[in-house]
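The structure appears right after this line, and notes come after that.
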Amino acid sequence: MSRAEIHLLSDGKLSISQFIEKAGAAHPLLDYIHLREKQRSARELMDAAEALFKAGVPASKLIINDRIDVALAAGAGGVQLAWHSLAPNEARILAPYLRLGRSIHSPEEADEASAQGASFCLFGHVFPSASKLGQLEQGLSQLALTVQRSRIPVIAIGGIRPEHASDIMKQGAAGIAVMSGICGSTDPLSAVKAYRTSLQDAEQSRQVEEVSMNETAH
């Protein structure tokens with residue numbers, strides 16, 4: 001079983017230099033870093049990608065939100081496709097080797113993303129989120145249904161704190177995506193350590209439960 005993933009998403013509130021500072025400090029414990037800067041131009045995104053690389057972030061960890069052109073030009077590891085983006089099967093024609101994420105909000109959309117060749121999907125928002133004020137959260141039951149329906153890894157996003165890790169992993173998610181929990185921290189490395197420790201504890205508990213169930217079955 002591969003370890004649970006942690007994705008860091010820029011929140012669009014920090015300046016690019018502030019985000020790069022936080023991402024550069026925390027990246028050793030992160031699996032992927034998403035540049036999610038909807039108001040930035042292609043040139044600004046390209047400059048940000050290059051700055052992240054100079055800060056020590058491997059290109060394979062970088063995912064560009066929506067802009068497949070920037071992802072390709074920067075040599076990033078992937079692109080995150082929103083509902084208004086190209087479909088995964090269309091993006092795959094342009095970028096056969098990129099890791100393609102798809103943002104989804106239902107089990108049906110997970111099924112569609114799987115069929116269209118996405119590499120993984122971000123499902124949310126699972127918990128109440130400051131970035132989704134006034135919108136009802138999906139909750140853990142919908143996360144579980146989405147994981148069951150999906151043929152690709154499901155990453156939970158939305159209002160996730162370290163103490164949520166156990167419940168999220170119990171639903172079968174492949175990991176978590178975090179914005180404010182890390183971007184809003186004055187000590188991003190310690191924040192990521194808290195998430196990583198909680199995920200490891202949750203994974204160990206799940207493994208112990210699986211072993212116990214197998215022994216009981218026999």
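For clarity, every value in this text was computed on a predicted model and none was experimentally measured.
Side chain of Glu50 to main chain of Asp47: no donor-acceptor pair is present (N/O by atom type, distance under 3.5 Å, no hydrogens or angles). No donor-acceptor pair under 3.5 Å is formed between the side chain of Gln116 and the backbone N or O of Ala113. Formation of a donor-acceptor pair under 3.5 Å by the Ser114 side chain with backbone atoms of Arg151 is found in this model. For the pair Gln142 (side chain) and Gly139 (backbone), a donor-acceptor distance under 3.5 Å is absent. Between the Ser198 side chain and the Pro162 main chain, a donor and an acceptor come within less than 3.5 Å of each other. A donor-acceptor pair under 3.5 Å links the side-chain atoms of Glu109 to the main chain of His105, judged by distance alone. In this structure a side-chain-to-backbone donor-acceptor pair under 3.5 Å is missing from Asp69 to Leu72. Not one N or O on the side chain of Ser150 forms a donor-acceptor pair closer than 3.5 Å with the backbone of Thr146. For the pair Glu112 (side chain) and Glu108 (backbone), a donor-acceptor distance under 3.5 Å is absent. Remark: the backbone N or O of Ile182 is not paired with any side-chain donor or acceptor of Lys22 at under 3.5 angstrom.
The hydrophobic clustering, which links ILVMFWY residues whose side-chain heavy atoms are closer than 4.5 Å, places Val126 and Leu199 together. Residues Val70 and Ile33 share a single hydrophobic cluster, defined by chaining ILVMFWY side chains whose heavy atoms lie under 4.5 Å apart. Hydrophobic clustering places Val57 together with Leu30 (ILVMFWY residues linked when any side-chain heavy atoms are closer than 4.5 Å, directly or through intermediates). Put simply, Ile176 and Leu145 are part of two different groups of oily side chains (I, L, V, M, F, W, Y) that touch within less than 4.5 Å, one to the next. The hydrophobic clustering, which links ILVMFWY residues whose side-chain heavy atoms are closer than 4.5 Å, places Leu52 and Leu189 together.
Once rounded to the nearest 0.5 Å, the distance linking OG of Ser10 with CD of Gln18 reads 12.0 Å. Taken from CZ in Phe123 to CG in Leu143, the straight-line distance is 6.0 Å, to the nearest 0.5 Å. Here the CD1 atom belonging to Ile157 is positioned 8.0 Å from the OG atom belonging to Ser129, to the nearest 0.5 angstrom. Here the CE atom belonging to Met169 is positioned 11.5 Å from the CG atom belonging to Asp201, to the nearest 0.5 angstrom. Distance check: Ser166 OG to Gln204 CD gives 12.0 Å after rounding to the nearest 0.5 Å.
Counting non-hydrogen atoms of other residues, nucleotides and ligands closer than 6.0 Å to CD of Glu21 gives a total of 12 or fewer.
Aromatic ring centres of His7 and Phe120 lie closer together than 6.0 Å.
Looking at Ser106 and Gln138, their side chains never come closer than 4.5 Å, going by heavy atoms from C-beta outward. Between Leu29 and Ile6 there is no side-chain heavy-atom pair separated by less than 4.5 Å. Using a 4.5 Å heavy-atom threshold, the side chains of Trp83 and Ile104 count as separate. Cys183 is listed as a side-chain neighbour of Leu8, based on a closest heavy-atom distance under 4.5 Å. Contact check for Ile160 versus Phe127: side-chain heavy atoms found under the 4.5 Å cut-off. Counting only heavy atoms from C-beta outward, the side chains of Arg196 and Arg3 approach each other to under 4.5 Å. Looking at Phe53 and Leu62, their side chains come closer than 4.5 Å, going by heavy atoms from C-beta outward. With contacts defined as side-chain heavy-atom distances shorter than 4.5 Å, the pair Pro88/Leu81 qualifies.
In terms of heavy-atom proximity, Ala4 sits nearest to Gly175 at CB-CA, 4.3 Å. Shown here for Arg36 and Asn65, the closest heavy-atom pair between the two residues is CA-CB, 3.7 Å. Minimum interatomic distance between Ala177 and Leu122 (heavy atoms only, all atoms of both residues): CB-CD2, 4.1 Å. Nearest heavy atoms, Leu35 versus Leu45: CD1-O, 3.9 Å. Of all heavy-atom pairs spanning Pro107 and Arg149, the tightest one is O-CG, 3.3 Å. Residues Gln39 and Glu44 approach most closely at O-OE1, 4.3 Å, considering heavy atoms.
A donor atom on one side chain and an acceptor atom on the other are not found under 3.5 Å apart for Tyr195 and Arg161. Side-chain N/O atoms of Ser85 and Asp66 include a donor and acceptor closer than 3.5 Å. No donor-acceptor contact under 3.5 angstrom links the side chains of Gln200 and Thr197, judged on distance only.
Exactly one of Val79, Leu100, Ile152 qualifies for a side chain to side chain contact (heavy atoms under 4.5 Å, CB included) with Ser119. That residue is Leu100.
No salt bridge links Glu5 with Lys61; every basic N to acidic carboxylate O contact stays at or beyond 4.0 Å.
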side-chain contact (heavy atoms from CB on, under 4.5 Å) between Gln80 and Ser103, intermediate numbers included: CA-CA 7 Å; Gln80 183 67 27; Ser103 298; 3.0 Å; yes
Worked check of side-chain contact (heavy atoms from CB on, under 4.5 Å) between Asn89 and Arg92: CA-CA 5 Å; Asn89 55 348; Arg92 186 66 71 191; 5.5 Å; no
From CA spacing to verdict: side-chain contact (heavy atoms from CB on, under 4.5 Å), Val178, Leu9: CA-CA 6 Å; Val178 183; Leu9 279 66; over 6 Å; no
